Every structure is written in structure tokens, then in C-alpha cells.
Amino acid sequence: MDIELTVNEKAFEVKTDPNTTLLYVLREELGLTGTKDGCGAGECGVCTVLMDGQPINACLVLAPQAHGHEITTIEGLSEGEELHPLQQAFIEQGGIQCGFCTPGMIISAKALLDRTLRPTEEEIRRAITGNLCRCTGYVKVVDAIRAAAEKVRDAGTEDRR
Amino acid sequence: MHDFEFYSPENLGELYELLSMKEGQVIAGGTDLIPAMRLKVIQPSALFDLGPLSELRYIDLRQDRISIGALSTHTDLERSSLLAKHAPLLRQAAATVGSLQVRNRGTIGGNIATASPAADTVPPLLVLEAEVFLGSEKGERHLPLEEVLLEPGKTATAADEIITRVEFHPLPPGIGSAFLKLGKRHAMAISVVSVATVLRLANDHVQDVRIALGAVAPTVIRCREAERALLGEPLNEQTLIRASQAAANEISPISDIRATADYRCRAAQELLRRALLIAAQRCRGQ
Amino acid sequence: MQGLKIVGRRVPKKDAEAKATGKAKYVADIRAENMKYGAVVRSPHHHALVTGIDAKKATQLEGVVAILTAKDIPGLNAFGVIINDQPVLVADKVRHQGEAVALVIAEREEIARRAVEQIKVSYEPLPAVFDPVQALGSDSPHLHPEGNLLDHRQICQGEIEKGFAQADAVVEETFHVPIVDHAYLEPETALAQWQPDGSLIIWASSQYPFRDQAQICASLALPKEKVRVINAAIGGAFGGKDDVTLQILAGLAAWAIKGSVRMVNSREESMLAHSKRHAAELRYKVAADKKGQLVALRAKIFANTGAYASLGVPVHGLMVEMASGPYRIPNIAIDGYLAYTNCPPAGAMRGFGVPQSNFALESCIDMLAAKLGCDPLELRLKNIWRKGDRTSTGVLLKSDVGMEACLLEAKKQRARLQEKGGEDPKRYGVGLAAGVMSIGLGYGLPDDSSNEIEWLPDGRALVRLGAPDMGQGLATVAAQIAAEALDLPYDRVEVMEPDTFLTPNGGASSASRKTYMVGNSLLFAAKEAVSALLSEASMVLKLPPEDLVYRKGMVHRGDDPRVQISSQELAKRAAVEHRTIKGLGKFSFPYPQDTPKEFGVGMPHVIFCYGAQVAAVEIDPGLGTVDVKELVAIHDVGRLISPLGAEGQVEGSVSMGVGYALYEEMRLKEDGSWVEGFTEYLLPTSMDMPRVKTIILEFPEPSGPFGAKGIGEPAIVPTAAAIANAIYDARGVRITSLPVRPEMLLEG
């Protein structure tokens, strides 16, 4: 069957089977491999993408369920060479080790910053509960999200959250 | 995943027609269904996607009743100011479901339809005495939620029916309520025990009380014996003990990887006691 | 250290930007032309004879390319890190659930997985054993013909009975620790591509591509020149990718169909099929006199190595070697037994056997302090190793021992946390534990690392790194050390990840020694690279090399700096002639002459990392649940090379330690199957982890690069014991088995 979806502001038409997932479409059909596959059950969060602005597990959306929706993946965050403040902060604060959780983690963090630029530590931690990380103990991940929020706030570039 | 046909009906009429003609399974958020299909626990021959039926996604106050469309997500519930005001315990319960990613997809209709004894929105809905509306080509009927839940994974919904909405009366002022959940970790946890209660005190005596416990019986259950133990009584150490003992007799917890039956029983009593005290405090406006 | 410019600086990780943007390529992100997909038929039985495989129905499925079984393996149908005892595909007998029996190759992954379900394997189930003590009993089923005992080790010092006779206080307890999963978020994966010349390229997620290469060669009966293993980005490993995972199977598949095959395990397969942390039963008896001197320690350890040897023998060895911790105890008798069982194979996992014995020992030290009525921290201070002491294996401690400093810092932190207090009616407690962990593979095992530095025509220096960076930051450390040694800015050093055709053999990324090994090797390589550059310059400038000096990527004439040529220019000139200018450095782990030799291969170890951790917990008395409120980790790393990396290693280790203490367990369910996926195997989430305060202490190790030791594993060692001791402080309940379950802590 054919589905139409917008990924990172580009429209796509994809021929796919109903028993595949949005994750499969992104990775295997569109070659957007920044979104990872870690458990297939919505437990680990490495496949987190934004669907109509909200973070979801791409492994828990059947391909046809994504029809007509707008998807944002990690590849849609940076503009050319310019990194998103969250990406910059994750690099600077050491929030990345093996990197497998990173794209999903940054997407969840983006959803948080889209809602508030003054998140408390509790809010940051709550925003990423669905994103497991086995490397960092979340310490530098939380630091990075806080730093990114501050940076965006201070720069007043709220449009580039 | 196995092969299946996939239908995206554009309106309820189309959906009902499909349901009456074809065997299949409706899919809403898919947060339970997709993992189950992936592990081949269920293999429906057709899926009917509710996603496009935006008419089933609302939280309204209609003629003194709160009406929640079946496709409302847990996030919708969590962020609803209407629920914050009129059914805070339901809002709170929705906020404890899985992760934000799951709450953004999972729906209240799905949470009821999967009939898990650990479903988090169900204890609040039970004590709110929610009515579940079922729609099909033949029309609409409604049942009290308690009668919808039959056994783990099984509801009273007929094969050609879907849950369209739930309705309940807003909690009137002066009623205290509470929802507590115990999981194996602080987030992303399946309930080991959950409890919901609403309570009205008059002169410090229990005038009205409803109690539901989750994950301690084949379905989420109303604990009527515990309620009776409290009705007309003052809320004190003795009555709390009596109520929790009554509740312990009503539940039938099992041992599994998450907890032993004995632990579930003790934790249920403790959670119930705490929930009642919190509800009482809220009653008193504290 | 004075004058260091890049070592010790908070530099961003080399691979961070690629990972932050999603551009980093992990194996599953790589697609070969006309690529097929492999899937594995896995045993549902724990122990069974394979009596037949019927693949007829599966073969007929459209899109199935090939189905392979044991008889299709051209070479050795066995692999293993130390003993080749694990079949690539089982021919006769499965020894654990999830073991590979057949391999399907298909046009699509979905087809391969469906074909797997269509393959009918007939089994004759055998009785299974899951407990190491039972496995060593006379009536236990045997997994291997030689019986179930894989290793027996003893360490004896002094006279144990006499030691206990002097005791004023004795504690005795039996502890149990569970099997746990590495739970790296990237499941095992491999991509193999057959080349028209009959060779294979394999992209791996591996801790040791050079060993993979040897094992693939053995199974496919190919010479080394025909098998090239390239490391892609690795989504975590923690010891679990030290063993071969899917590399041989993918190689076999590609070789069989003369094409490309990618394989990725599902999470469920990952949990069943690959090596785990050893479960163990540890029976401890520890004694002290009334002055607080430890006088005797007896430990009997039964470790569960699962179905195959993997790295079980050295893991068990280290469990035994570290069983008496960082303490001077005159009379010691440690007796370790390592048993095969029908559990998934257990092998390397961060901490390598030490978290197990540390949990038992550090619990006992607190119990002993309680019995003596003294402060457990003071009891430790009185008995810890000092410079010049000998370890339980007789190794003389010649370098600084950071243990005392760690404990003194722990004392301050404990006071701060005790002051803080908890929230009524919760029970608040503070506990601590010391920990020691070795670096290196142990005496008698070849332990070499070769790495290379090459001058690039674009002006940068390239480190050809022979050992994988699995996320821990080795590439960053390597770049820092190379940059420091070459006096170049950090961003002028690039790092190439291991490729058996393009990089030297840097050794396995394991045993907390890669900073030490690669760092030392790169110091040699830098010298060689500079001298190679000088000889090139000497030819170009027509000056004898001794008249030239190297500075910051430039070669100058010693007495006239205006005469100069850059590395860039020299590399460009060499490139025209298809040459490169480079230096190779090889470093072998040094063991002093006086290293005791009686322990067999892989024992003892001679360099140690010290640490202490303080945990504050709150227990809900009515529910028995535990919250870790704060964890302070104090660790002596020798010299700090990469602060962001070192802190990250500590924080990650501590979080694994919290999981070990409170959540994680590979458990058999009522239905006889193992817990499945992350729904049933719980990792700590962001809401479960407390803030971790990391305090790094520096006691340089003279043999280390700039004085560095290691920090990949030491920080997981004391975490569980610190939490257990805090629980005792809060609640008066001694935890003897992990993970802690609320059932253990209910009051009333």
C-alpha cells in the first residue's frame, strides 16, 4: 500500500506493507538511520521521533498509521552545518557515550523545550523516562538538556528551540 | 509481524460497517497491540484503524457529565484542565502510564479494552462509576465499567462493537480523591498495586466512599466490603485497619516476576490506607 | 601534571558530533548492495538433544535464499574466547535456551523470521540445571563430557584456623548475586559482504575485531588475508561484545550465498543468546580481633558460568583474586568453583567478577564493624592496603595506593549525607563500601596493543586505533594522548577505528586497560612518527636528521628555525610517491620480575584502581521500596586524561550498579522461560537514578601514560555494597541477595 507522510518538512510517498512500522519506513525505506531500533516494544526509546510535534516510539506506529502525519527525526534538527542547541549541548556536556540512545534522547528533549525553556530537573527527568540510557547514568544527559534550555533562553532565539 | 489487511475507515459509519462484515481487530494507539503482534501473541487477520476518527478524541463537560472520547490519549487526559478540576485522580493516573511516548499514543479506550488488571486509568474510572459507551452498526449501548471488565484481556464488548466514550459525573466540591500506584521502578512501570478512591466526609464521618484496586485480581476491582467497612464510620486507625482487612479479603493477587501474592496483599492494604488518608485530607480542604 | 596542554582537558568526544546528528553509522545502519537478511533458529529448550531438522517448508517460502545448519560450516564449528567450546550452529545438543541451531537467509528480514518459524527442529529434552551448587552435585545432569566443573581456584595465605582462633568477632553469611544482562541499547549485529575474489568484509559491533577475524577464519576455513573485519560505531558493549556475537554467522551466510547478509538480534534474542554477568553463591566468614585488625577470611564461591566457557575462567579468577578486597588479612582461604549450568553463557561484564565478591566482602566488613561496635569506615582504614604491602596473591604494591585517600574523602561525604537526613516517616540511611579492581588481563596472558600514527597530507595526524571505542571514549583519549605527545592541537588529530586491514592489532577493549595500553603504545608511536618525519625532512631539506628538530607538526633546522618544513608538506610529497609517513607503537603489559607465578594463566594482576562510594537511601517502611537519594563515587584513576570521559565512566558504572542492587535480574519465570525484553528485565530510568557526585583522585601510576590507570570498570565494583550497607543503616536489615526486593524490607 502507498502512504504519504512528511518527514523533516519533506513530503514522501512510500510503498510499504501494513505490517511494517514507521521505524522501518524511516530506516529502511527512507534511509534515515539516525533513528535507532533497540527493542521493538516501546520500552527503550531509541526510536523516538516527533509525530505532529509529539514524541512517540516509531516502533509502535504501523506504517499506515503514519499516513498523513508530520514526522521529525534527528536528521531534521540540524540545519546544514549548524547544530541544534541540544546537539551542541550534548556534545559539550559529555551527554553522549555509545550514542545509540542519543538521537531519541535529543528528540525527547526537544519536545520538552518546545513546551518550556525553564524546565526543572524533575521535568527534565520526566521528559526522558521513556529513553533508556545504559552509558551515562543520565547525569550528563540531564546537564546537557538544562544547558541547552539556558542557552536557547539566553540567546532569546526561542524560534529555534 | 504476520500479514493482515489494514483498513482506515473515514468515519464511524464506515467502521461499524466493516466491523459487522469482517473479522478483525480495532487498533487505536497500538501501544499494547503492536508489541503483542510482534511477539505473535495475537495475529488478527485485519486491523481497523481508529486513528483517523478524530470525532472520538475529546474531553468535554456535557450536561453535568464528563465525556471522554475513546481516542483521547493519556497525554490528553494528563493535560486536561477539565479533568484537573473535576476528576484529578484520573488525570494523575494517566500521567503514570508508561513513558511520554506511550502516553502520546495510548488511549483511554485502549486502556479499558485491553482489560489488563494493571491498567492505570481503570481504578479511577471505577470509583468515578464511569459508564462505557459501546457503538456498533446496531446502535449504541452503555454499561457500567465494572460490567465491561470480565477477565484479563477480555471485555463485554461484542466483536462488532467498539468503545466510543466513557462518561461520569464530575466530582462535586467537598469530595476528596486519590490515586496511588506502586511499580517496580519510578517510571515506565507496570503497576504492582494501584488504588483509587473517592471519599466524602461529613462531620468527620464517611458519608460516601468508593475504592478500587488494580493488579491484585483478574480485573481491576471495586472493593465494596472495604467501602462498607467505612461507611458511616469516622476515619481513624481502627476503621482504616478494618477497611484494609476487608479489601484484603476481596482481592486475589498472584505471584509473578514483579511481586509475590503476599507482598501485593500487604502493599494493597498500605496503599489503600494512604489513599484514604490523602482523600480525607483533600476533603477537609487541606 | 605541569605543562600538559591537552591531557586532562575537558575536550568533546571525537565521535560526539556524528552521534548527536544521527550520522554515525552503526552496523544496522549500513546497507550493502543487494543485501540479504539472516535470522537464527534458536532452541526453546534449556538442554536437549537435537534429533532432526526439517526445513522443507521453510525452503519453499518465497524469498528464502538459503537455510544453513551445522553441516554447512566448512571449518571449525566452534568458537570461544579461551576455549572453542561453543558451536556456531548446534549439531547435536543444545545447552541453553536461545542457542543457535540453524540460520536462514532471505530477501527480507521479515521473510527470514517467518522461515525461522517454519523450520521444525526435533528435540529430545534433557534434564537441566541452573544453579552452580546443584550443578556440582553428583546427581546433576552434565553439560559437557568432562563434567560441570570448569575451574577451581584457591588462594591461601597464613593459617586460616589459627586466624579464626585469634578472633574476637566473627561474621558468617551466604550471599547470592543474580545473572544480569549488559543491556547495551544496540543489540548484537553484523554485516558480511562476500567479495568476488573470494574474500569477506565483515562490519562488526565488537570489542575485539582481530579475535573475531581469527574465529571467522577458523570456522570458514579461510586465511587471514581473506577476512577483513571493520568496526562500525558500537552502541555499547560493557564486556558483552568481547565474545563473538553474530560475526561468524553473518560471515558464514555471506560466504554460503556469495553475497551480502546483515543480521541483527531482536532484544529478546539478545537477552537469551549472549554472555551475561556471572551469578554466584558466596559463603563468607570474616574475623577481626578487638583492636579491629582483620585476622582471617574464608570464602567459598560457587560461580555460575552458564552453558559455555566464554571468559568464565578469568572472570572467576578475578572474583577469587579480589575476594579479600583491598585489605591486609594475614590468614586467607579462598576457594572458588566455577560450574557449567544451562543458563545463558556468562562471560565478561563490566567489573569482571569483582562486583560479586565485593558485595559479599563489603557487606561482611560492615557486619563485622557492627559486631565490634566500631565505625565501619575506621575498620576499613585500619586494614587497607598501603604502598609496600602485598596482596592476597603476594603481589608487592610498588605504586601509590589511593585507597586511604578515597576513604578519607568518603568520610567527609558520609558526614555531609548523614547531616542531610531524610523525610519522615521514611527510613533514611547512609552506607559506604570500598572497592578495588585490577587493570590488565593478568599474568601469563599475552596482552599487547599496537597502534599507529600517520601524518596526513592535510596537515593532521591520524591515529590508526587498533582497539574499539565502544562508547567509553577510547578514541578521544587516544587523540588527546597523541596530540599531547606530538604537541598538536586536539582537532589536528583524527582517529580511525579498528579495521583488521588498515589498523594494527590494538588488543581487546576490555579489562579497564585501554587508556593504559593504547596510551603507552601511542607514546611510542608518536616517537616513531616524529622520527619518521625527521628522516623524511632530512631527505627533503638535505640535512642530517640530527640537525633537525620537531615542533608542533613542523620540522626545523636546529640552529636556524627559519629553515623548516611542515608535516603536511612532507606527507603530501610522500603521497605523490604512494608512501605514507608513520610510526607504529607496540606496548606489552608489564609484569615485574617478582610477579608470583604459581596461580596459572591470567593471575595475578599487578596494577590496581581504588575507589569508595557512599550511598544515601530512603526506604518506605510500609512498602519496602528503596530510593537511592544520592551516590558519591570517589575513584583513584592514576592520572586523569579525559575528565568528561572519566566522569562518564563513573556515572555509567554507578547506574549499572544501582540496577544490579535494585532492579536487574535474569530470572526464570514460572513457565520455565527467561524474563523477556525490557518489559520484564528492568533497567534504571532517569527517574530511578539519583544524582551521582563523582570525585576523581589522582595517584599517578608510574608505568601509565602520563600516570594514567583505568576507570572503565572500577566504579561499578562497590555500588551494590554501598547501597546494601545504606539499607542496613536505614532499616537494620542485612541484604544477602540481589537485587533487593521490597519484600525483604517490609515492616510489621
Side-chain angles (χ1 to χ4, degrees), chain A residues 1-4 16-24 35 37-69 104-105 107-112 114-115 122-133 138, chain B residues 1-10 24-54 57 71 73-76 78-79 95-107 110 183 185-190:
Chain A
M1 67 192 301
D2 291 330
I3 61 163
E4 286 166 27
T16 185
D17 295 320
N19 63 351
T20 59
T21 61
L22 170 61
L23 178 60
Y24 181 89
T35 306
D37 186 352
C39 75
E43 294 283 345
C44 77
V46 303
C47 67
T48 303
V49 298
L50 299 181
M51 184 158 160
D52 306 325
Q54 301 301 316
I56 52 109
N57 296 306
C59 74
L60 292 189
V61 176
L62 294 174
Q65 290 184 297
H67 175 74
H69 290 277
M105 195 70 91
I107 291 287
S108 282
K110 180 181 185 310
L112 172 70
D114 285 346
R115 289 172 57 79
E122 168 88 8
E123 284 170 327
I124 294 174
R125 286 182 179 269
R126 257 184 76 82
I128 56 167
T129 51
N131 296 82
L132 294 177
C133 173
Y138 309 98
Chain B
M1 252 180 265
H2 68 290
D3 289 322
F4 49 80
E5 293 176 84
F6 189 91
Y7 297 90
S8 303
E10 281 176 18
Q25 163 79 47
V26 295
I27 178 168
T31 54
D32 281 312
L33 185 61
I34 295 169
M37 290 198 300
R38 181 178 160 272
L39 294 177
K40 322 249 179 226
V41 178
I42 53 167
Q43 299 184 277
S45 55
L47 289 188
F48 311 128
D49 185 22
L50 304 185
L53 306 180
S54 49
R57 188 170 173 183
L71 279 193
T73 65
H74 294 108
T75 302
D76 294 341
E78 186 184 347
R79 293 181 185 165
T96 69
V97 172
S99 62
L100 178 57
Q101 290 93 317
V102 165
R103 293 195 295 278
N104 280 337
R105 293 290 296 165
T107 63
R185 52 183 178 186
H186 292 90
M188 296 284 287
I190 296 171

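These figures come from a predicted structure and were not determined experimentally. Proteins get letters first, then strands, A, B, ... in listed order; numbering begins at 1 in each.
Panel note: side chain A:Asn19, backbone B:Met1; a donor-acceptor pair is recorded below 3.5 Å.
One distance of note links CG of A:Asp17 with CD1 of A:Ile3; it measures 10.5 Å at 0.5 Å rounding. Within the model, atoms CZ of B:Arg103 and CZ of B:Arg79 stand 8.5 Å from one another, a figure rounded to the nearest 0.5 Å.
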Show, in sequence, the C-alpha distance, side-chain angles and deciding distance for B:Ile34 and B:Ile27, and conclude whether the side chain to side chain contact (heavy atoms under 4.5 Å, CB included) test is met.
CA-CA 9 Å; B:Ile34 295 169; B:Ile27 178 168; 4.1 Å; yes

Would A:Leu50 and A:Lys110 count as a side chain to side chain contact (heavy atoms under 4.5 Å, CB included) here? Give the steps.
CA-CA 9 Å; A:Leu50 299 181; A:Lys110 180 181 185 310; 4.1 Å; yes

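Contacts between A:Leu62 and chain B at a heavy-atom distance below 4.5 Å involve backbone atoms as well as side-chain atoms. Proximity to chain A is absent for every atom of B:Leu33, based on heavy atoms less than 4.5 angstrom apart. At a 4.5 Å heavy-atom cutoff, B:Ser8 makes no contact with chain A through either its backbone or its side chain. With a threshold of 4.5 angstrom between heavy atoms, B:Asp49 approaches chain A through side-chain atoms but not through N, CA, C or O. Using a 4.5 Å cut-off between heavy atoms, B:His2 touches chain A through its backbone atoms (N, CA, C, O) alone. Proximity to chain B is limited to the side chain of A:Thr21, based on heavy atoms less than 4.5 angstrom apart. Neither the backbone nor the side chain of B:Ala189 comes within contact range of chain A; no heavy atoms are under 4.5 Å apart.
A salt bridge is defined here as a Lys NZ or Arg NE, NH1 or NH2 lying under 4.0 Å from an Asp or Glu carboxylate O, and B:Arg38 with A:Glu43 fails to meet this definition.
Note: B:Pro35 leads B:Pro52, B:Ala36, B:Pro35 in heavy-atom pairs under 4.5 Å with chain A. Of the listed residues A:Cys39, A:Pro18, A:Pro55, the one with more heavy-atom pairs under 4.5 angstrom with chain B than any other is A:Pro55.
Between B:Thr75 and B:Asn104, the side chains place a donor N or O and an acceptor N or O closer than 3.5 Å (distance only, hydrogens not considered).
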